[in-house]
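Some notes on the structure that comes next.
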Number of protein chains: 4
Amino acid sequence: MARTAQPQARWQRRKEARPAELARAALACFAERGFAAASLDEIAARAGVTKGTLYLYFPNKEALFKEVVRQALVPWIAAFEAKVRASDSPTHQLERLISVWPEFVAAPHLAVLPKLMIAEAGNFPELAQFYLREVIARARRLVTGILRRGMARGEFRRTDPKAAFFTVIAPLLIAVVWRHSFEQHDDTPIDVASLCKTHTAILLDGLVARKEER
Amino acid sequence: MARTAQPQARWQRRKEARPAELARAALACFAERGFAAASLDEIAARAGVTKGTLYLYFPNKEALFKEVVRQALVPWIAAFEAKVRASDSPTHQLERLISVWPEFVAAPHLAVLPKLMIAEAGNFPELAQFYLREVIARARRLVTGILRRGMARGEFRRTDPKAAFFTVIAPLLIAVVWRHSFEQHDDTPIDVASLCKTHTAILLDGLVARKEER
Amino acid sequence: MARTAQPQARWQRRKEARPAELARAALACFAERGFAAASLDEIAARAGVTKGTLYLYFPNKEALFKEVVRQALVPWIAAFEAKVRASDSPTHQLERLISVWPEFVAAPHLAVLPKLMIAEAGNFPELAQFYLREVIARARRLVTGILRRGMARGEFRRTDPKAAFFTVIAPLLIAVVWRHSFEQHDDTPIDVASLCKTHTAILLDGLVARKEER
Amino acid sequence: MARTAQPQARWQRRKEARPAELARAALACFAERGFAAASLDEIAARAGVTKGTLYLYFPNKEALFKEVVRQALVPWIAAFEAKVRASDSPTHQLERLISVWPEFVAAPHLAVLPKLMIAEAGNFPELAQFYLREVIARARRLVTGILRRGMARGEFRRTDPKAAFFTVIAPLLIAVVWRHSFEQHDDTPIDVASLCKTHTAILLDGLVARKEER
DNA sequence: GATGAATGAGATTTCATTCAT
DNA sequence: GATGAATGAAATCTCATTCAT
């Protein structure tokens, strides 16, 4: 009973899947613990391989971090911009931008990045610049564009668009960050949908009550 | 009676001054490198003592970190609370609350703490809970209190106070975080004062333009 | 095909052999210096590995110690039990039990363990309980079992078996302990074989002389 | 209201008591943990002084250990020998020697020494020699003397007195040692009185049953 | 391609000892 | 005489990285 030559199926089966698996595991670990506290042992274990294997794909821990984060950043931007185009009214565009946020928060691979970037930007300048250029700057252009158009059309009150950008975006950002830092230690989880609804309302009409509405 | 040359004492007794000095040095190191990357050697050196001395005052690195956070942040929360108590009108209270922020952002090293907490919450559950309890919860009580009173008095429109808390606070928080993660890589630094002004305006009156003002 | 000169491998893989080698080296160090004074550096050096390697096999120094005790002593207890099972007469069983002792005393490093356990029981409660459970209790069961059977058969006089256990075992124990504490400072070394012979004689027939022998 | 000059009563009151207090505390710590694991902090705390004070009385840890142990050894011997003189019959002398043992076991400062000496003899040769000379050798002379006289009078069977010494003394020794090493980890404490009674019985008459008694 | 045993530098932590007060 | 803050050397332990298999 001759044992037919197995074309080393054990490894081949996974060969193409590997890099993506490693990236997913690494991203999750880095996001949970930060760069320094994430151990290669843990990343490897989570990816179902051994530590040595990581070094087949990445020259060292820092390169692994940068590569994995850089790759994960790309989807963020496109997804982000696409959502806004569907409308023409600046008000509706803002509403829409905020209303898709809960989707982002729920997507595990995307939601993890802002916290990670906030935590590690100081230690990884190139990465920070990349994030700044490819994510933040584009988001800023998107939002300030909406605001400027709204002001030009008389739909929005005059404000400094660059400053207003923070008021528009920050609560959304904090929501994702919260998810991955404090929520597990808090007793009451935040309701992202409700948060977005309230944020939209305040953003557009303010906190102050008025007799007559627009 | 001229002061004779002191044969350089190997060390000096600084019983009361020490803990604060150590905490200050530690804060600076944690701010620069993050919790994990800050070494006790470096902290000790910056404080002008040896590693062993750190252990006279703190049982371990984590306790040192916790103490640093406590000493640095709690006074600020108190300051914010005091600022709010000084006024009676909810609208003015919000305005004042936001107006102290630039001072907070400018305090040396202090403003890194929110970023540090975001980064390390996952690694130090106890610290995260402490921060939640002593900082976030107090801030939340402060803001939701203002909002509720405003609504009760008919001064503010009805919203979910817990959700609105994020819209009030998040832009401020992002401003501090920005300082220590992306600002150095961006070409135009943010102007915190202007940001606070814009934020207050939008927060109170919204983005949408109206014929008649309050 | 001559074996070419090996460019001295930095290290070798010894997966299966390692734990036993490490335990052996550790036993020697613990025996010479005691638990606290034995340094991991020294143990590693003696085993021909680096400190880090120890942690591949044992989570910490205490676990290493525990493993050393377990590996070294448990086989001996089993040997004693086997020796006893080989006979049927309680008297012979006691004789045989004692007659193996010189071998135990002569086994290299092994005989320090009782002394080490006496010295460290206070510092390692868990280890003390392990030793009590796996070594002392088994020895006690073995001896009291023999005594009880002897009494039941009328071969031995009635005594409290748990108290008699001490009279049976203590001189043997003291002999090993002596070896590693006082013998080197005494002028005349003890002759374990003779000691065992005398002990057996007294144990069975007492010191007091009689007209008629059994 | 002039404050009368207090002749620094605070320290003077204790001046003479100090050394004894220190010695007591040190002995207890060393006995509990062994030389290496006993910390000067703990000893000082137990004595109600600070670490620095220890260095007023002893040049270093090793000297403290040796001095304290050496001083504690002296009472052992005298107390031990005095008990035996009261009788003339070797059998009674042995009985008496064993019967006073429970007193030793109960005396905290004495009972602690055998364990300590067993544990540290290897690391402190001079101390071991002192103990050997002043305690063990004298005890050996005492016991072998009794045995030899008993044999000469035909009261005891002929045995090697030096070997028999172990059978006589070991169970007693083990009882004290047990007290300070394993008893706290065992569920059933040993009953020293019962142990001594049983030991006497076996020692004199052996385990083996006989028709006619002496 | 994958493994995982081994490394070794560096981290935190401990503690006997010193010395200004 | 007593203190206790400070030291500094050495201990245990961790972990990114290497490399024989």
Side-chain angles (χ1 to χ4, degrees), chain A residues 8 10-15 18 36-44 48-62 64, chain B residues 6-7 9-18 36-44 48-62 64, chain C residues 6-7 9-18 36-44 48-62 64, chain D residues 8 10-15 18 36-44 48-62 64:
Chain A
Q8 73 264 44
R10 194 154 118 264
W11 290 332
Q12 210 149 25
R13 176 169 41 87
R14 301 191 142 201
K15 200 155 84 176
R18 274 280 187 275
S39 86
L40 293 184
D41 260 322
E42 198 192 349
I43 293 173
V49 300
T50 59
K51 249 190 313 187
T53 302
L54 295 175
Y55 284 84
L56 294 177
Y57 294 94
F58 306 95
N60 55 45
K61 191 185 183 183
E62 199 168 325
L64 166 62
Chain B
Q6 291 267 351
R10 271 204 307 157
W11 39 261
Q12 297 185 338
R13 318 184 79 191
R14 307 291 303 280
K15 176 79 188 261
E16 306 80 25
R18 275 284 185 261
S39 85
L40 294 180
D41 258 323
E42 197 194 346
I43 295 173
V49 299
T50 58
K51 265 180 303 179
T53 300
L54 293 175
Y55 285 84
L56 288 178
Y57 296 93
F58 307 95
N60 53 48
K61 194 183 182 185
E62 189 174 343
L64 171 58
Chain C
Q6 292 267 349
R10 272 203 306 157
W11 39 261
Q12 297 185 337
R13 318 184 80 192
R14 307 292 303 280
K15 176 79 191 262
E16 305 81 26
R18 277 282 185 261
S39 85
L40 294 181
D41 258 324
E42 197 194 348
I43 294 173
V49 299
T50 59
K51 263 181 305 180
T53 300
L54 293 175
Y55 286 85
L56 288 179
Y57 296 94
F58 306 96
N60 54 47
K61 194 184 182 185
E62 189 174 343
L64 171 58
Chain D
Q8 72 266 43
R10 194 156 116 265
W11 290 334
Q12 210 148 28
R13 176 168 41 86
R14 302 190 141 203
K15 199 155 84 175
R18 273 281 186 275
S39 86
L40 294 184
D41 261 320
E42 197 193 349
I43 294 172
V49 300
T50 58
K51 249 189 316 188
T53 303
L54 295 175
Y55 284 83
L56 294 176
Y57 294 94
F58 306 94
N60 56 44
K61 192 185 183 183
E62 197 167 327
L64 167 61

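Chain A is the first sequence line, chain B the second, and so forth, proteins listed ahead of strands; every chain is numbered from 1.
- With a 4.5 Å cut-off on side-chain heavy atoms, L56(C) and V49(C) do not count as touching.
- For Y55(A) and dA16(F), the OH to C1' distance is 4 Å, given to the nearest whole Å.
- Between D41(D) atom CG and dT3(F) atom C1' there is a gap of 13 Å when expressed in whole angstrom units.
- When the side chain to side chain contact (heavy atoms under 4.5 Å, CB included) test is applied to Y55(C), the partners found at least two apart in sequence or on another chain are L40(C).
- When the nucleotides dT17(F), dA6(F), dG1(E) are ranked by their closest atom to the side chain of N60(A), dT17(F) comes out on top.
- Helical stems in DNA chain E, defined as runs of 3 or more consecutive Watson-Crick or G-U wobble pairs with donor-acceptor distances under 3.5 Å: E:2-21 with F:2-21.
- Remark: E62(D) engages K66(D) in a salt bridge (charged side-chain N to carboxylate O under 4.0 Å, His left out) (not counting sequence neighbours).
- Distance from the side chain of V49(D) is smallest to dT3(F) among dA2(E), dT3(F), dA5(E).
- Among the heavy atoms of the strands lying under 4.0 Å from A38(B) are primed sugar atoms or P, OP1, OP2 only; no base atom is included.
- Spacing between atom CZ of F58(D) and atom P of dG1(F) amounts to 14 Å, rounded to whole angstrom units.
- Atom-to-atom, CG of L54(B) to P of dT14(E) comes out at 13 Å; the value is rounded to the nearest Å.
- If you measure from atom NZ of K61(C) to atom P of dA11(F), you get 9 Å, rounded to the nearest angstrom.
- Remark: C1' of dC13(F) and CD1 of I43(C) are 14 Å apart, rounded to the nearest angstrom.
- dT17(F) atom C1' lies 13 Å from atom CG of L56(C), rounded to whole Å.
- The side chain of Y57(C) sits closest to dA6(E) out of dA6(F), dC13(F), dA6(E).
- Shown here are the side chain to side chain contact (heavy atoms under 4.5 Å, CB included) partners of A36(D), two or more places apart in sequence or in another chain: A36(C).
- Residues meeting the side chain to side chain contact (heavy atoms under 4.5 Å, CB included) test with S39(A), sequence neighbours left out: D41(A), E42(A).
- Side-chain atoms of S39(B) lie closest to dT12(E) of the nucleotides dA2(F), dT12(E), dA2(E).
- Between the base of dT3(F) and the side chain of K51(D) there is no donor-acceptor pair shorter than 3.5 Å.
- Across the protein-nucleic acid pair, E62(B) atom CD and dA11(E) atom C1' stand 16 Å apart, rounded to whole Å.
- Between dT7(F), dA16(F), dT12(E), one nucleotide has an atom nearer to the side chain of L40(A) than all others, and that is dA16(F).
- T53(D) OG1 to F58(D) CZ: the interatomic distance, rounded to the nearest 0.5 Å, is 11.5 Å.
- For K61(A), the salt bridge (charged side-chain N to carboxylate O under 4.0 Å, His left out) test picks out no residue, with sequence neighbours left out.
- Both T50(C) and G52(A) lie near DNA chain E, and the one whose nearest nucleotide falls closer to the 5' end is G52(A).
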